[in-house]
Amino acid sequence: MAPKVTKICCIGAGYVGGPTCAVIAVKCPHIKVTIVDLNADRIAAWNSPDFAVPIYEPGLVDVVRKARGRNLFFSTDVDGAIEEADLIFVSVNTPTKKSGVGAGSAADLNYVELATRRIANVANSSKIVVEKSTVPCRTAESMRTILEANSKPNCRFDILSNPEFLAEGTAINDLFSPDRVLIGSLQTPEGKAASDALVEVYANWVPTKQILTVGLWSSELSKLAANAMLAQRISSINALSAICEATGANIDEVSHAIGYDSRVGPKFLKASVGFGGSCFQKDILNLVYLSESLHLPEVAAYWRQVVEMNEYQKRRFSKRVVDTLFNTITGKKIAVLGFAFKADTGDTRESAAITLIKDFQSERALVNIYDPQVAHSQIWADLQEASPQASLDSIKKQVTICGSALEACKDAEAVVIATEWKEFLDIDWEEAYKHMNKPAFVFDGRLLVDADKLRKIGFKVTTIGRA
Ligand code: UDX
Ligand code: ADP
């Protein structure tokens with residue numbers, strides 16, 4: 001019989017753990033959910049009286065408001081929460097390794113390992129341990145080895161893989177009505193019983209036919225594969241956007257025509273300045289690393305090209321800006337609108353804006369940045385990380401963070417739209433035009449604005465995927 005889950009602990013209060021477990025708490029009032037993190041500032045923000053939660057996600061505050069203090073708790077007491085839970089989600093960060101073996105492609109599993117060791121050391125009773133963070137294949141196996149080698153007598157650990165498919169910006173909706181929930185387990189009686197216990201949690205709001213139960217390996221690989229296939233669509237359409245720019249074709253018309261084929265479908269075919277986010281690049285590189293370790297170099301090269309196409313797309317776009325501005329942007333002011341990797345999030349991980357701004361900096365342009373959600377401190381941290389040799393003071397001589405889009409456009413030669421924030425549609429473009437140097441250029445990296453309308457005002461408009 002499946003053990004009954006009454007107390008859940010989630011290790012990691014980030015973009016994945018926070019929203020996911022807050023939604024579980026709302027949908028399962030009979031389960032006590034405690035989300036823990038080592039980062040005390042983050043926990044304090046989750047607990048703040050005015051609900052100033054640490055991540056921007058539409059609808060999230062309402063969810064937290066409903067359940068916090070009822071059956072949803074945020075705490076820095078990692079050990080206490082592990083101790084009392086029957087089921088533990090591990091939702092810690094798994095960035096790409098920056099040094100050592102596999103640097104640049106393998107995942108850094110240090111945080112997963114530390115969290116796993118902590119569980120083994122603290123637990124005095126049996127637990128179901130669920131890997132939630134996106135991890136390379138076989139991580140569950142390593143977690144199991146660590147847990148078994150360090151556990152106390154009479155404690156058994158069952159490991160499940162339950163990858164999260166939410167996209168930032170639509171996380172709450174994605175969690176309320178997921179396309180599917182995927183649960184991987186060992187195909188032993190105990191493994192299946194643990195899997196059933198987690199199925200029962202999700203069955204409180206997800207139709208059971210959408211809850212897929214598979215083997216551990218399949219579950220881990222499916223997550224990487226799903227992200228790789230999604231990213232591949234974007235790289236494919238972006239590769240075609242280059243052909244459109246060189247011919248007279250229009251990428252929006254091409255996407256539309258392709259998407260009408262029901263085998264392809266219309267979603268995820270929007271050409272852009274390049275994909276970003278914490279998952280796509282990381283997960284494809286994981287797949288590349290896996291393929292290489294399995295001695296499948298052709299497979300590795302195939303997937304690596306998806307990432308290379310993305311780098312090419314970003315480079316191509318910044319080159320187009322320079323070329324159009326009469327082959328030099330030295331000393332010219334460029335307004336970059338949007339810094340997040342996509343709209344409706346404050347997350348900047350792998351954002352295309354970072355690469356564009358770095359390119360503009362190396363051309364010695366002056367850059368004005370405006371983003372409606374990203375914290376200024378985050379922008380400075382990202383620009384510093386992108387140019388480790390430069391001092392923050394020297395970066396600040398070239399870059400200014402502005403409080404509005406109009407302020408960013410003042411005295412600029414060009415506006416670059418890097419994130420598809422809806423509010424950029426409502427900019428008073430006539431006003432922006434008045435305060436810009438002439439000729440005034442707009443580079444739309446997101447196929448966002450009405451180019452004809454802007455041309456009527458006087459702007460010279462360049463759009464991805466159009467000659
Ligand atoms: C992605 C997956 O969608 C999600 O299922 C997985 O759990 C995590 O990774 P996320 O990174 O949050 O989610 O955002 P997503 O909406 O997938 O966008 C990723 C990037 O692709 C963004 O930079 C976005 O702007 C870009 N994109 C997306 C395009 O350029 N064109 C598109 O058509 C769609
Ligand atoms: P993701 O997008 O995968 O959710 P984040 O970086 O937003 O990634 O969140 C991961 C969180 O996990 C961070 O807040 C980090 O402090 C936390 N974390 C990492 N390791 C541990 C650990 N051993 N115990 C508790 N929290 C941890």
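The structure presented is a predicted model; accordingly, all values stated were derived computationally and were not measured.
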**Q** Would you find more than 12 non-hydrogen atoms of other residues, nucleotides or ligands less than 6.0 Å from Arg364 atom CZ?
**A** no
**Q** Is the NZ or CZ atom of Lys438 positioned over Tyr433's six-membered ring, under 6.0 angstrom from the centre and within 45° of the axis?
**A**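 So Lys438 does make the cation-pi contact.
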**Q** Who are the salt bridge (Lys or Arg N to Asp or Glu O under 4.0 Å) partners of Arg65, not counting sequence neighbours?
**A**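 Scan of Arg65 (salt bridge (Lys or Arg N to Asp or Glu O under 4.0 Å), adjacent residues dropped) gives none.
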**Q** Mind jotting down which residue pairs meet the side-chain hydrogen bond (donor to acceptor under 3.5 Å, both in side chains) criterion with at least one end in residues 49-64? Sequence neighbours excluded, please.
**A**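 Output for this query lists Ser48-Asp50.
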**Q** Which residues satisfy the side-chain contact (heavy atoms from CB on, under 4.5 Å) test with Leu230, sequence neighbours excluded?
**A** Asn227, Phe268, Phe280
**Q** Among residues two or more places apart or on two chains, list those pairs meeting side-chain hydrogen bond (donor to acceptor under 3.5 Å, both in side chains) that have a residue in residues 247-257.
**A**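 Listed once each, the pairs would be none.
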**Q** Would the number of heavy atoms belonging to other residues, nucleotides or ligands and lying under 6.0 Å from NZ of Lys97 be above 12?
**A**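 Above 12, so yes.
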**Q** In plain terms, say whether Arg304 and Glu292 are close enough for a salt bridge, that is, a side-chain N and a carboxylate O under 4.0 Å apart.
**A**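 Judged by the 4.0 Å cut-off on N to carboxylate O distance, Arg304 and Glu292 do form a salt bridge.
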**Q** One pair to check against side-chain contact (heavy atoms from CB on, under 4.5 Å): Val206 and Gln210. What are the steps and the verdict?
**A** CA-CA 7 Å; Val206 181; Gln210 278 157 255; 4.1 Å; yes
**Q** With no hydrogens and no angle check, just 3.5 Å: does a side-chain donor-acceptor pair link Ser241 and Arg316?
**A**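 Result is yes, a qualifying pair exists.
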**Q** Less than 3.5 Å apart, any donor N or O on the side chain of Trp421 or Asp344 sitting next to an acceptor on the other?
**A** no
**Q** Counting heavy atoms not belonging to Arg466, are there more than 12 under 6.0 Å from its CZ?
**A**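 No, not enclosed.
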**Q** Checking Lys27 against Phe176: charged group under 6.0 Å from the ring centre and within 45 degrees of the axis?
**A**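 Because its charged atom sits under 6.0 Å from the ring centre and within 45° of the axis, Lys27 does stack over Phe176.
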**Q** Without placing hydrogens or testing angles, list every side-chain donor-acceptor pair under 3.5 Å for residues 162-172, not counting sequence neighbours.
**A**
residue: Asn162; atom: OD1; partner: Lys132; partner atom: NZ; Å: 2.8
residue: Asn162; atom: OD1; partner: Tyr202; partner atom: OH; Å: 2.6
residue: Asn162; atom: ND2; partner: Leu182; partner atom: O; Å: 2.9
residue: Glu164; atom: OE1; partner: Lys132; partner atom: NZ; Å: 3.0
residue: Glu164; atom: OE2; partner: Leu166; partner atom: N; Å: 3.1
residue: Glu168; atom: OE1; partner: Thr345; partner atom: OG1; Å: 3.3
residue: Thr170; atom: OG1; partner: Ala167; partner atom: O; Å: 3.3
residue: Thr170; atom: OG1; partner: Asp174; partner atom: OD2; Å: 2.9

**Q** For Lys410, give me all partners under salt bridge (Lys or Arg N to Asp or Glu O under 4.0 Å), at least two apart in sequence or on another chain.
**A**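 In terms of salt bridge (Lys or Arg N to Asp or Glu O under 4.0 Å), with neighbours along the sequence ignored, Lys410 is linked to no residue.
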**Q** Take atom CG of Asp179 as the centre, draw a 6.0 Å sphere, and report whether it contains more than 12 heavy atoms from other residues, nucleotides or ligands.
**A**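 Open: at most 12 neighbouring heavy atoms sit under 6.0 Å from CG of Asp179.
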**Q** Using distance alone, with no hydrogens and no angle criterion, decide if Gln232 and Tyr302 have a side-chain donor and acceptor under 3.5 Å apart.
**A**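 Side chains of Gln232 and Tyr302: pair found under 3.5 Å.
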**Q** Indicate the atoms forming the closest heavy-atom contact of Tyr370 with Ala408, along with that distance.
**A** CB-CB, 4.1 Å
**Q** Please determine, by modelled atom types, if Ser272 and Gln313 share a side-chain donor-acceptor pair under 3.5 angstrom.
**A**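 Short answer, no.
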